[in-house]
A.B. asks: 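Take a look at this one; I'll ask things after.
Residue numbers count from 1 along this sequence. Everything quoted here is computed from the prediction, not taken from an experiment.
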Amino acid sequence: MLTQEDILRLRADFPILNEKIHGKPLVYLDNAATTQKPVNVVNTIVSHYYNANANIHRGVHFLSQKATEAHEQARQEIADFIGAKNSNEIIFTRGTTEAINLAATSFGEKFCSQGDEIVLSQMEHHSNIVPWQLLAERKKLKINVIPISEQGELDLNYLKNILNEKTKIVAVAHVSNVLGTINNVKKIVEIAHERCIPVLLDGAQAIPHISLNVSGLDADFYVFSAHKIYGPTGIGILFGKEKFLEQMPPYQGGGEMISKVTFEKTTYSGLPFKFEAGTPDFIGSTAFAAALKYVQTIGIEQIEQYENELLKYATEKILEIPEVKIYGNSKEKSAVLSFNVGKIHHYDIGVLLDQQGVAVRTGHHCAQPLMDFYKIAGTVRASFAFYNTFEEIDFFIAALKKAVKMLS
């Protein structure tokens with residue numbers, strides 16, 4: 001496991017962690033929203049703007065070819081990181097949200113007809129609900145929802161019972177952004193595939209915390225954002241099996257995604273370019289790959305083990321505070337701690353924690369159906385990364401106790 005010496009060494013790669021907030025040392029516990037960026041990622045962005053800034057795929061000159069090679073190399077490295085068989089199955093998007101919108105729109109156009117059904121779960125982020133609702137409204141589809149237990153675990157027996165010949169796709173989170181629940185996605189895929197139903201997995205919260213192999217999972221679609229795994233904002237990927245992507249129509253039209261354009265008819269490029277209209281974020285893609293390399297140098301298994309220790313420690317400490325209620329107590333859980341304290345409003349706790357330098361997230365976390373299940377308006381959410389320390393958790397707990405005392 002990572003030692004405290006390892007963590008202190010790695011923290012030096014993140015200059016923002018030395019910031020002072022309201023005169024207090026920053027304790028950054030909002031990693032589920034976005035992670036901080038190491039120096040090598042920022043340097044990659046600067047270096048490529050200074051040394052390889054030219055539009056890709058379209059130029060015969062040296063800089064264009066250099067930028068093109070870096071962009072396509074990044075695609076291959078991302079494919080290798082997630083265990084994809086072919087880099088053509090990696091579609092660059094602006095992030096998880098656009099990736100799901102792309103999948104829902106394009107898959108729905110090809111494979112869904114009036115009366116068909118889509119399966120989601122009760123713990124989904126709005127980004128894995130609303131795109132499917134838009135599709136359902138447009139094509140008159142039905143949405144079925146897998147319920148959860150009070151502990152925050154999906155009812156997979158219910159999933160088995162609702163799948164039928166009209167079910168066209170199952171779309172669920174790999175890890176809940178609120179509860180931290182690590183869903184048994186391999187089992188979900190197996191259940192769906194028994195009925196020849198494809199599965200889309202929202203991996204935004206899984207990718208920085210647990211080892212991933214999409215081929216091993218046999219996932220049909222997998223989506224995530226670079227900024228969740230120490231990379232830049234504004235870029236992410238849709239992984240899709242070639243057999244589906246080949247049949248799906250383009251999501252957007254314009255340059256790059258065409259083969260030939262006439263006013264009578266346009267033909268489209270092959271994969272992956274069919275889904276990448278316009279100039280891509282070729283600087284972001286190289287920084288994305290740099291972030292994944294950085295994670296690989298640490299080791300995702302070591303990161304997972306250390307973060308699990310942080311979560312265990314934080315959970316034990318926070319339960320010492322009277323009237324604390326934790327939301328999400330599944331057996332398999334990632335580094336997220338969502339809670340409320342008695343009748344104190346989550347927003348008020350968040351404000352007072354901020355005054356003490358502690359950054360947490362408050363609100364419904366873009367998961368209002370989940371809040372409705374628990375009959376609450378929102379929670380305080382502390383989320384951990386490998387650069388967090390046990391001392392920071394102690395500081396967070398002390399600050400929380402002080403906030404609760406002031407608000408009681």
A.B. asks: Short question: side chain of Q302, backbone of I298 - any donor-acceptor pair under 3.5 Å?
C.D. replies: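 Looks like yes, one N/O pair under 3.5 Å.
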
A.B. asks: What distance do S334 atom OG and I210 atom CD1 have between them, rounded to the nearest 0.5 Å?
C.D. replies: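 Spacing of OG (S334) from CD1 (I210) equals 6.5 Å.
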
A.B. asks: Are more than 12 heavy atoms from other residues, nucleotides or ligands located less than 6.0 Å from atom OH of Y347?
C.D. replies: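 Atom OH in Y347 is not packed in, count stays at 12 or less.
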
A.B. asks: For S285, which of E77, Q73, H71 qualifies under side chain to side chain donor-acceptor pair (under 3.5 Å)?
C.D. replies: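 Of E77, Q73, H71, side chain to side chain donor-acceptor pair (under 3.5 Å) with S285 is met by H71 alone.
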
A.B. asks: Given side chains that start at C-beta, do those of E153 and K331 come closer than 4.5 Å, heavy atoms only?
C.D. replies: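 E153 vs K331: side chains touch.
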
A.B. asks: Strictly by modelled atom types, are Y222 and D202 linked by a side-chain donor-acceptor pair under 3.5 Å?
C.D. replies: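 Absent: no donor and acceptor within the cut-off.
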
A.B. asks: Do T68 and Q65 have a side chain donor and acceptor closer than 3.5 Å?
C.D. replies: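 No, because no side-chain N or O of T68 sits under 3.5 Å from a partner of the opposite role on Q65.
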
A.B. asks: Between Y327 and Y374 (judged by ring centroids, cut-off 6.0 Å), do the two rings come close enough to count as a pair?
C.D. replies: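 Y327 vs Y374: aromatic centres under 6.0 Å.
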
A.B. asks: For the backbone of V404 and the side chain of S408, can you confirm whether one donor and one acceptor N or O come within less than 3.5 Å of each other?
C.D. replies: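 Yes; judged by distance alone, with no hydrogens or angles, the pair exists.
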
A.B. asks: Drop me the distance from S383's OG to L311's CG, to the nearest 0.5 angstrom.
C.D. replies: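 Here the interatomic distance stands at 11.0 Å.
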
A.B. asks: Show, in sequence, the C-alpha distance, side-chain angles and deciding distance for Q247 and F107, and conclude whether the side chain to side chain contact (heavy atoms under 4.5 Å, CB included) test is met.
C.D. replies: CA-CA 8 Å; Q247 297 181 72; F107 179 91; over 6 Å; no

A.B. asks: Parallel, tilted or perpendicular, judged at 30° and 60°: which one describes the rings of H57 and F273?
C.D. replies: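 Aromatic pair H57/F273 classed perpendicular.
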
A.B. asks: More than 12 non-hydrogen atoms from neighbouring residues, nucleotides or ligands closer than 6.0 Å to CE on M1, yes or no?
C.D. replies: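 It does: M1 CE has more than 12 such atoms within range.
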
A.B. asks: Can we say R94 and D281 salt-bridge, meaning some charged N sits less than 4.0 Å from an Asp/Glu carboxylate O?
C.D. replies: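 Judged by the 4.0 Å cut-off on N to carboxylate O distance, R94 and D281 do not form a salt bridge.
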
A.B. asks: How far apart are the C-alpha atoms of Q368 and D372, what are their side-chain angles, what is the distance that settles it, and do they pass the side chain to side chain donor-acceptor pair (under 3.5 Å) test?
C.D. replies: CA-CA 6 Å; Q368 287 179 312; D372 291 341; over 6 Å; no

A.B. asks: Less than 4.5 Å apart, any side-chain heavy atom of V42 and any of F14?
C.D. replies: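 No; the side chains remain at least 4.5 Å from each other.
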
A.B. asks: Looking at every heavy atom in both I56 and P280, which two are closest together, and how far apart are they?
C.D. replies: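 Shortest heavy-atom contact: CD1-CG, 3.3 Å.
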
A.B. asks: Is the side chain of K37 donor-acceptor paired with the backbone N or O of H227 at a distance under 3.5 Å, no angle test?
C.D. replies: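 It does hold such a pair.
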
A.B. asks: Check whether any side-chain N or O of S106 sits under 3.5 Å from a backbone N or O of Y251 as a donor-acceptor pair, and report yes or no.
C.D. replies: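 Answer holds: no.
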
A.B. asks: Under 3.5 Å, is there a donor on one side chain and an acceptor on the other for E307 and H209?
C.D. replies: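 There is such a pair (donor and acceptor under 3.5 Å, judged by atom type) between the side chains of E307 and H209.
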
A.B. asks: For the backbone of E89 and the side chain of N86, can you confirm whether one donor and one acceptor N or O come within less than 3.5 Å of each other?
C.D. replies: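 Not a single qualifying donor-acceptor pair exists.
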
A.B. asks: In this structure, which one of T379, D354, V341, N340 forms a side-chain contact (heavy atoms from CB on, under 4.5 Å) with I349?
C.D. replies: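 Among T379, D354, V341, N340, the one meeting side-chain contact (heavy atoms from CB on, under 4.5 Å) with I349 is V341.
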
A.B. asks: Which heavy atom in I45 sits nearest to a heavy atom in A287, and how many Å separate them?
C.D. replies: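 Distance-wise, the nearest heavy atoms are CG1-CB, 3.5 Å.
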
A.B. asks: Quick one: do T93 and L102 satisfy side chain to side chain contact (heavy atoms under 4.5 Å, CB included)? Show the steps, please.
C.D. replies: CA-CA 9 Å; T93 67; L102 189 165; 4.3 Å; yes

A.B. asks: Let me see the working for I148 and D155 under side chain to side chain contact (heavy atoms under 4.5 Å, CB included), right down to the final yes or no.
C.D. replies: CA-CA 6 Å; I148 62 172; D155 184 345; over 6 Å; no

A.B. asks: What heavy-atom pair brings P131 and N101 nearest, and what distance separates the two atoms?
C.D. replies: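 Looking at all heavy atoms of both residues, the shortest contact is CG-ND2, 3.5 Å.
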
A.B. asks: Please answer whether the main-chain N or O of I90 pairs with a side-chain N or O of R75 as donor and acceptor at a distance below 3.5 Å.
C.D. replies: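 Indeed, once roles are kept as given, a pair shorter than 3.5 Å links the two residues.
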
A.B. asks: State, with a plain yes or no, whether a side-chain heavy atom of L135 is found less than 4.5 Å away from one of I118.
C.D. replies: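 A side-chain contact under 4.5 Å exists here.
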
A.B. asks: Ignoring hydrogens and geometry, is there a side-chain-to-backbone donor-acceptor pair from T167 to E117 under 3.5 Å?
C.D. replies: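 Answer holds: no.
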
A.B. asks: Does any part of the side chain of D394, heavy atoms only, come nearer than 4.5 Å to the side chain of T389, both counted from C-beta?
C.D. replies: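 Contact flag for T389/D394 side chains = no.
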
A.B. asks: Please give me the minimum heavy-atom distance between Y230 and A385, naming the atom from each residue.
C.D. replies: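 Nearest pair, atom of Y230 first, then A385: OH-CB, 3.5 Å.
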
A.B. asks: Can you tell me how far apart CG (L26) and NE2 (H22) are? Round to the nearest 0.5 Å.
C.D. replies: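 It is 10.5 Å, given to the nearest 0.5 Å.
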
A.B. asks: Using every non-hydrogen atom in the two residues, find where V360 and G350 come nearest and quote the distance to one decimal.
C.D. replies: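 For V360 versus G350, the nearest heavy atoms are CG2-CA, 4.2 Å.
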
A.B. asks: Compute the ring centroids of H126 and H365, then answer whether they are less than 6.0 Å apart.
C.D. replies: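 No; H365 has its ring centre 6.0 Å or more from that of H126.
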
A.B. asks: Do E309 and Q305 pair up side chain to side chain, a donor and an acceptor below 3.5 Å, judged on atom types alone?
C.D. replies: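 On atom types as modelled, these side chains do not qualify, holding no pair under 3.5 Å.
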
A.B. asks: Can the ring centres of F339 and H346 be said to be less than 6.0 Å apart?
C.D. replies: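 No - the distance between ring centres of F339 and H346 does not fall below the 6.0 Å cut-off.
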
A.B. asks: Does the side chain to side chain contact (heavy atoms under 4.5 Å, CB included) test come out yes or no for V172 and E124, once each step is laid out?
C.D. replies: CA-CA 7 Å; V172 296; E124 298 308 310; 3.8 Å; yes

A.B. asks: What is the distance from atom CD1 of I169 to atom CG of L200, rounded to the nearest 0.5 Å?
C.D. replies: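 Answer rounded to 0.5 Å: 5.5 Å.
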
A.B. asks: Is the count of non-hydrogen atoms from other residues, nucleotides or ligands lying under 6.0 Å from K24 atom NZ greater than 12?
C.D. replies: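 Result for NZ/K24: open.
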
A.B. asks: Mind checking whether F111 and F244 have parallel, tilted or perpendicular rings, split at 30° and 60°?
C.D. replies: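 Rings of F111 and F244: perpendicular, as their planes differ by over 60°.
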
A.B. asks: Could you tell me whether K166 and D116 have a side-chain N and a carboxylate O separated by less than 4.0 Å?
C.D. replies: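 Answer for the salt bridge query: no.
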
A.B. asks: Between H125 and Q205, does the side chain to side chain donor-acceptor pair (under 3.5 Å) criterion hold? Intermediate values first, please.
C.D. replies: CA-CA 10 Å; H125 189 282; Q205 296 298 326; over 6 Å; no

A.B. asks: As a quick check of understanding, evaluate ring-ring contact (aromatic ring centres under 6.0 Å, His included) for F282 and H48, giving each step before the final call.
C.D. replies: CA-CA 9 Å; F282 55 86; H48 278 263; 8.9 Å; no

A.B. asks: Checking the side chain of R381 only, and the main-chain atoms of T362 only, is there a donor and an acceptor separated by less than 3.5 Å?
C.D. replies: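 Not at all, since once roles are kept as given, no pair shorter than 3.5 Å links the two residues.
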
A.B. asks: What I'd like to find out is whether the side chain of I344 reaches to under 4.5 Å of the side chain of E323, using heavy atoms alone.
C.D. replies: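 With C-beta onward as the side chain, the pair stays apart.
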
A.B. asks: Side chains of R58 and S64: closer than 4.5 Å at any heavy-atom pair?
C.D. replies: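 Heavy-atom side-chain distance check fails, nothing below 4.5 Å.
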
A.B. asks: Counting heavy atoms not belonging to E190, are there more than 12 under 6.0 Å from its CD?
C.D. replies: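 Count over threshold, so yes.
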
A.B. asks: Quick check: closest heavy atoms across A192 and V170, and the distance to 0.1 Å?
C.D. replies: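 Looks like CB-CG2, 4.3 Å.
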
A.B. asks: Look only at the side chain of S127 and the backbone of T97, and say whether a donor-acceptor pair between them is shorter than 3.5 Å.
C.D. replies: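 A pair under 3.5 Å: no.
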
A.B. asks: Return yes if some donor-acceptor pair links the side-chain N/O of S121 with the main-chain N/O of V145 below 3.5 Å, else return no.
C.D. replies: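 Side chain of S121 to backbone of V145, a donor-acceptor pair under 3.5 Å: no, none is there.
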
A.B. asks: Please say whether the positively charged group of K66, taken as NZ for Lys or CZ for Arg, lies over the ring of F62, i.e. under 6.0 angstrom from the six-membered ring centre and within 45 degrees of the axis.
C.D. replies: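 The answer is no, since K66 fails at least one limit relative to F62.
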
A.B. asks: Between M371 and V178, is any pair of side-chain heavy atoms under 4.5 Å apart?
C.D. replies: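 Yes. Closest side-chain heavy atoms under 4.5 Å.
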
A.B. asks: Under a 4.5 Å cut-off applied to non-hydrogen side-chain atoms, are F275 and M257 in contact?
C.D. replies: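 In short, these two side chains do not touch, never coming nearer than 4.5 Å.
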
A.B. asks: Between T96 and S225, does the side chain to side chain donor-acceptor pair (under 3.5 Å) criterion hold? Intermediate values first, please.
C.D. replies: CA-CA 5 Å; T96 305; S225 301; 2.6 Å; yes

A.B. asks: Between K274 and E256, does any NZ, NE, NH1 or NH2 come within less than 4.0 Å of an OD or OE carboxylate oxygen?
C.D. replies: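 No, this pair does not count.
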
A.B. asks: Test side chain to side chain donor-acceptor pair (under 3.5 Å) on S176 and T181 and set out the steps.
C.D. replies: CA-CA 5 Å; S176 168; T181 302; 5.3 Å; no

